[in-house]
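Note that this is a predicted model, so its numbers are computed, not measured. Along the sequence shown, the residues carry numbers beginning at 1.
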Amino acid sequence: MRIIHLCLGNYFVDGYGYQENILTKMHKKQGHEVLIVASTETIVDNFNLGYVESRNYINEDGIPIHRIPYINLFSSTLTHKLRFYKGLYKELELFTPDIIFMHNFHFLGIKKVVKYIKRNKTVKLYVDSHVDPGNSIRNKISKYILHPILYKHAAKMIMPYVTKFYGTLPCRTALLSDFYGIPKEKTAFLPMGADDELVLKAKESNQRELIRHKYGIKKDELLIVSGGRFDRTKTEIIDLMKVISDLSKKYKLRMLIFGALEEGDFKVTFDKLCDNYVIRHIGWIKGYESYNYFESADLMIFAGSHSVLWEQAIGQGKPCIFKYMEGFTHVDLGGNCSFLKERSQTEYARVIEEFIQNYSNYAEVARKKGLIYFSYQQIAKRAIGL
C-alpha cells in the first residue's frame, strides 16, 4: 500500500527515535511505499525548537521526506501556530495514497486533507495525537484559544473522514474525547514502543559486554542508565544523582547518563556530581545508540517527565523505575517497573533499595513481557488497521 505520513501539526526531527520516525521505518520494512510530508519545524541543536528550509530529500531509512513551507500570515507566531501549508494538496495528489496517517491534527491547513478525502473516498485516514496538558496546553493562549477553539475546529473538520483517532498515551486518548469532543468509539490507545530491529541488533552485537568493558563496570556491579535532555527545570536528575552516590556506599552501583545539558548553573551542579566512576555523563548520543546503552543496563531510572525513552526501555525488556504520573502507568506490565510517587531524595532511596532487594522478580517480568507489548513492528500494523 501507499502510505503518506503527515507531520504537520508539530515538529519533525530527522534521526531521532520518535514515533514518527519509527512508524514510517516499520511501514517501509513491511513492504509499503512511504512518503513523509513534514513541516520545517524541528529541533535544531538537540535542545531548542527552530526551523529549517523547505526541501525534498531521502532519510537514513530510504524514505523520501518533503518539508513544505508555511503560508506566511501577519506574524511569525500566527504562521507557526495556525499552520497553513503551501503545496499540501499537490503532495497528496501526486502521491495518490491508499492511507493517510496524520501525526497530530493541530493545523488549520487540514482543510486541504479534507478536500482530498472528499474527492478520493477510498482513501483511509488515521490520526494520532501526542498532545497532553503537560507538553502543549500550558499557557493561556493554548488553553483558551488554540486548542479549545482552533484545533478543536480542525478535529471537527476531519472527524467524519477518520477511521480511528489514536492517543499515544492513555491520558492523550482520554483528551481526544474529553477535550476535543471526538466520539469515544472513534478513539483508541496506540502506544509508542521500541524499534525491534535495534533491540535485536544491540543484543546480537554484544553491546552489554562492550559498553560495560569500556567504562570498567564489573559483572557484579548493578548498572543504572538514564537519559534525556536536561535543563534547569528538570532538577529531578540532580536529586537522583545524589541518591545514587549515597547508595553506592552500601551497594555496588554504577550510573551512566546520556543526553544534552543546558549551559549555566544547572550544568555546573550536574558536572560536580559526576565523579566519572560511580556516576558518569557520556554526553549526547544518536537515537539508535540509546538501545546499546539500554542493553548494557541492569536498571533504567527516569525521574523526570515522560519521554519516548520510557517505552523504548520497557520494549527492550529492561526493568525500570519511573516518575509516577497519572495517565502514564501503561508501562506497568504487572511487575516490570516501580514508580517514584514523591519528589524527595528519601522516596528515591526507598524505591531504589526496594527494587535492588527484589531485582530478580522485576527483571524476569520485564524480560518476558517488554517486547510483546511495545514492539513497533506490531504497533505499526495496528496503526493502519492490520
Got more than 12 heavy atoms from elsewhere within 6.0 Å of [atom1], [X]?
X    : atom1 : result
K124 : NZ    : no
F266 : CZ    : yes
K112 : NZ    : no
Y144 : OH    : no

*Check: Y291 side chain, D195 main-chain N or O, donor-acceptor pair, under 3.5 Å*: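 Checking the backbone N and O of D195 against the side chain of Y291, a donor-acceptor pair under 3.5 Å is found.
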
*List the steps and the verdict of side-chain hydrogen bond (donor to acceptor under 3.5 Å, both in side chains) for D14 and Y57.*
CA-CA 11 Å; D14 290 304; Y57 56 100; 2.6 Å; yes

May I ask you to test the [X]-[Y] pair for a side-chain heavy-atom distance under 4.5 Å?
X    : Y    : result
F101 : I4   : no
F374 : H330 : yes
I285 : S290 : yes
I65  : N56  : no
Q19  : Y376 : yes
H281 : F270 : yes
E236 : L340 : no

*Same apolar cluster: M192 and Y288, side chain cutoff 4.5 Å*: no

_Please say yes or no: joined through hydrophobic side-chain contacts below 4.5 Å, possibly via intermediate residues, are I71 and L150 part of one cluster?_
yes

*T329 and D332: side-chain hydrogen bond (donor to acceptor under 3.5 Å, both in side chains), yes or no, with the steps?*
CA-CA 6 Å; T329 56; D332 186 353; over 6 Å; no

*Using the six-membered ring wherever Trp is involved, compare the ring planes of F339 and F322 and label them parallel, tilted or perpendicular (cut-offs 30° and 60°).*
tilted

_Tell me every residue that passes side chain to side chain donor-acceptor pair (under 3.5 Å) with N276, counting only those two or more places apart in sequence or in another chain._
none

_By side chain to side chain donor-acceptor pair (under 3.5 Å) - contacts of N59 (at least two apart)_ = none

*asked:* Is there a side-chain hydrogen bond (donor to acceptor under 3.5 Å, both in side chains) between E20 and Y11? Walk through the geometry before answering.
replied: CA-CA 10 Å; E20 307 94 299; Y11 53 82; over 6 Å; no

_Is the terminal nitrogen or CZ of R280 (NZ for Lys, CZ for Arg) located under 6.0 angstrom from the six-membered ring centre of Y215 and within 45° of that ring's axis?_
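Relative to the ring axis of Y215, which defines the angle, R280 lies outside at least one limit.
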
*Short N-O contact, K368 and E364, less than 4.0 angstrom*: yes

_Centroid-centroid distance, F258 to W284, less than 6.0 Å_ =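 Ring-ring flag for F258/W284: false, centres at least 6.0 Å apart.
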
*Hey, do the aromatic rings of H106 and Y180 have their centres closer than 6.0 Å?*
yes

_Tell me every residue that passes ring-ring contact (aromatic ring centres under 6.0 Å, His included) with H80, counting only those two or more places apart in sequence or in another chain._
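Expected list: Y51, Y70.
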
_As a quick check of understanding, evaluate side-chain hydrogen bond (donor to acceptor under 3.5 Å, both in side chains) for R343 and T235, giving each step before the final call._
CA-CA 10 Å; R343 169 70 189 282; T235 52; 2.8 Å; yes

*asked:* Would you compute the distance between atom SG of C337 and atom NZ of K318 and round it to the nearest 0.5 angstrom?
replied: 15.5 Å

*Nearest 0.5 Å please: distance from the CE atom of M300 over to the OG atom of S226.*
6.5 Å

